[in-house]
Structure formats: C-alpha cells, structure tokens
Amino acid sequence: MSAHSNYQAIIASPLGPLGIVSRNEALCRIDFLPEDTALSPPADAAARRAAAQLRRYFGEPGWSFSLPLRPAGTPFQQSVWRQLQQIPAGQTRSYGHIARALDSGPRAVGNACRANPLPIVIPCHRVVAANGPGGYAGRTEGRNMEIKRWLLAHEGIAP
DNA sequence: TTAGGTAGTCTCG
DNA sequence: CGAGACTACCTAA
C-alpha cells in the first residue's frame, strides 16, 4: 500500500510502471504501480542508478544488483532480507531453508518476505514453498502471483 | 489430506 | 504491556 507517495522516479518495465523511492543516497522502496501511472524521470543519483540497474536486469536475467539499500524493517526482517540477497539469480530457496539458516520458523520467514519493500532487488520471488509456489506481496493469487511467475520464468526457473 | 506445530507481527483493551 | 489472532509454511501420520 502506498497510495500517495512521491517517487524519485517512475520507470516503465515489462511488469508495468515501477515507483522508486530513495532517501539519503540509498534505495528505500519499489512499488508496482497501475498500468496507467504516468512515468517520471529520476530526480537524483540514487534513483538514476536504481533505474539503470533495473533496466539492465530486465534485459539480462542473470544480472545481480549492486546498490546501496536502506529498507525499513525490524531486526528480524532485516536478517531475512539479507539472506534473500545471498540467493543467486536463477536459483530458489524454500521458506524452511531460510528459516533454518536463521534458526527461526518458516511462517515467520514468509511474514518477513511479505514485508519486503524492495521487490526484484531483494529477490523475495526466489523464495518458494516446499511444494508450491508460495505467495508474492501478500497474495497467493492474482496479479502479484503473475509477477512472481514472470520473474521466475525470466530467470529460467520452471513453474 | 489434515492436524498440529511454529515464530514473528499486529491489534485490541 | 498481555492475550489472541493472523500468516507468502512445514512435517508427520
């Protein structure tokens, strides 16, 4: 949810417009915006870098991001998001796998993934259930899941 | 297939 | 603060 945010950039992508929020030279949030959202060019260097790397990822599925990130979250969420960043493009991990690495539980990991403010860059789409696709951005069906499937297919991961 | 377990966060009061 | 409810789950039977 993010109704009326002011974005440092709104860029086009194969998944529709993406809103980019940066603060103090670091990337803070990425939102999937409605199809009819007007684009706007990067307003600062951080947004420009993020936009460039996102475009590169969409053209080159194996690309891994290198950006200063400052996602807001609890200490536990931060630790989960750090784990997610260790997953290489084209690979997946299960919620349980991440949970064991943090000595936590699978549902807690799912909760933290749901709270990820930096989709695509922090690759929560690479986290799937032991038997099933899991969810995306809080939903287990609909457009969010289409986005998750698109990202996995983009990286060559079969459904 | 389901029943129960689990960890973190949110919501009331 | 405390109790309970709510999850993008997992395992055993």
Side-chain angles (χ1 to χ4, degrees), chain A residues 1-7 10-24 26-35 37 50 53-58 60-159:
Chain A
M1 317 269 200
S2 48
H4 48 66
S5 310
N6 67 327
Y7 296 103
I10 301 178
I11 67 170
S13 86
L15 298 168
L18 300 179
I20 294 171
V21 178
S22 62
R23 224 170 25 102
N24 302 334
L27 187 57
C28 298
R29 200 170 77 239
I30 295 176
D31 290 342
F32 296 102
L33 300 175
E35 260 337 305
T37 308
Q53 293 199 21
L54 283 163
R55 278 191 287 269
R56 176 146 181 193
Y57 168 76
F58 286 116
E60 188 180 333
W63 166 259
S64 44
F65 292 89
S66 172
L67 291 168
L69 308 181
R70 202 185 336 274
T74 67
F76 175 75
Q77 289 167 344
Q78 304 279 353
S79 69
V80 170
W81 299 337
R82 269 193 298 278
Q83 290 292 314
L84 303 194
Q85 291 176 75
Q86 312 299 312
I87 310 174
Q91 296 188 26
T92 60
R93 302 285 184 272
S94 70
Y95 296 95
H97 180 93
I98 306 287
R100 283 192 298 277
L102 294 173
D103 197 28
S104 177
R107 302 195 85 158
V109 170
N111 284 342
C113 290
R114 176 164 51 94
N116 173 23
L118 292 174
I120 304 176
V121 173
I122 294 178
C124 53
H125 59 278
R126 296 180 192 141
V127 185
V128 297
N131 49 359
Y136 198 67
R139 308 303 316 279
T140 55
E141 57 183 2
R143 167 151 114 116
N144 292 351
M145 283 308 294
E146 288 179 22
I147 291 172
K148 184 171 189 173
R149 280 192 295 270
W150 190 97
L151 290 166
L152 290 172
H154 180 58
E155 298 183 12
I157 300 163

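Reckoned from all heavy atoms, side chains included, excluding hydrogens, waters and symmetry mates. Letters A, B, ... are given to chains in the order of the sequence lines, protein chains preceding strands, and every chain is numbered from 1.
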- Message: With ring-ring contact (aromatic ring centres under 6.0 Å, His included) as the rule and sequence neighbours excluded, what pairs involving residues 122-159 of chain A come up?
- Response: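 Those involving residues 122-159 of chain A are Tyr57(A)-His154(A), Phe58(A)-Trp150(A), Trp150(A)-His154(A).
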- Pair listing, ring-ring contact (aromatic ring centres under 6.0 Å, His included) test, anchored in residues 95-121 of chain A, at least two apart: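 Passing the test, one end in residues 95-121 of chain A: no pairs.
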Is [Y] close to [X] at the side-chain level, that is, under 4.5 Å between some pair of heavy atoms?
X         : Y         : answer
Leu27(A)  : Val121(A) : yes
Glu35(A)  : Pro17(A)  : yes
Asn116(A) : Val80(A)  : no

- Task: Extract, from 5' to 3' on DNA chain B, the first and final nucleotides lying under 4.0 angstrom from some heavy atom of chain A.
- Result: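 Contact boundaries, 5' end first: dG5(B) to dT9(B).
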- Item | Nearest-0.5 Å distance, OH of residue Tyr7(A) to CD1 of residue Ile20(A) |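 Going from the OH atom of Tyr7(A) to the CD1 atom of Ile20(A) covers 10.5 Å.
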- Can you tell me which stems involve DNA chain C, if a stem is defined as three or more consecutive Watson-Crick or G-U wobble pairs, both distances under 3.5 Å?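 Stems (3+ consecutive pairs) listed as B:1-5 with C:9-13, B:7-13 with C:1-7.
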- Task: Go through residues 123-131 of chain A and report each residue with a non-hydrogen atom lying under 4.0 Å from DNA chain C, sorted by number.
- Result: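 DNA chain C contact set from residues 123-131 of chain A: Cys124(A), Ala129(A), Ala130(A).
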- Query: Where along residues 94-111 of chain A does a heavy atom come under 4.0 Å from DNA chain B, residue by residue in number order?
  - Reply: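 Heavy-atom contacts with DNA chain B come from Ser104(A), Gly105(A), Arg107(A), Ala108(A), Asn111(A).
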- Query: Counting only non-hydrogen atoms, which of residues 71-83 of chain A are less than 4.0 Å from DNA chain B?
  - Reply: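 Within this stretch, Thr74(A), Phe76(A), Gln77(A) sit under 4.0 Å of the strand.
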- Message: So, using salt bridge (Lys or Arg N to Asp or Glu O under 4.0 Å) as the criterion, who are the partners of Arg126(A) when residues are at least two apart?
- Response: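 Checked Arg126(A) against salt bridge (Lys or Arg N to Asp or Glu O under 4.0 Å); matches are Glu155(A).
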- Query: For Arg56(A), which residues count as a salt bridge (Lys or Arg N to Asp or Glu O under 4.0 Å) partner, sequence neighbours excluded?
  - Reply: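 Arg56(A) satisfies salt bridge (Lys or Arg N to Asp or Glu O under 4.0 Å) with Glu60(A) only.
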- Query: When the P atoms of dG4(B) and dA8(C) are considered, how many whole Å apart are they?
  - Reply: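 Between the two P atoms, the distance is 22 Å.
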Whether the side chain of [X] engages the backbone of [Y] through a donor-acceptor N/O pair (distance < 3.5 Å, no angle test) should be reported.
X         : Y         : value
Lys148(A) : Arg143(A) : no
Gln78(A)  : Ala72(A)  : no
Trp81(A)  : Ala112(A) : yes

- At their closest point, which heavy atom of Ala137(A) faces which heavy atom of Asn144(A), and how far apart are they?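 Heavy atoms only, the tightest pair is O-ND2, 3.2 Å.
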- Contacts of type side chain to side chain donor-acceptor pair (under 3.5 Å), residue Gln91(A), not counting sequence neighbours: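 For Gln91(A), the residues satisfying side chain to side chain donor-acceptor pair (under 3.5 Å) (neighbours in sequence not counted) are Arg93(A).
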- Task: Could you list all the salt bridge (Lys or Arg N to Asp or Glu O under 4.0 Å) pairs where at least one residue sits in residues 107-116 of chain A, not counting sequence neighbours?
- Result: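 Qualifying pairs, neighbours excluded: none.
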- Please list all pairs passing the salt bridge (Lys or Arg N to Asp or Glu O under 4.0 Å) test where one or both residues lie in residues 62-81 of chain A, with sequence neighbours left out.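 Not a single pair qualifies under salt bridge (Lys or Arg N to Asp or Glu O under 4.0 Å).
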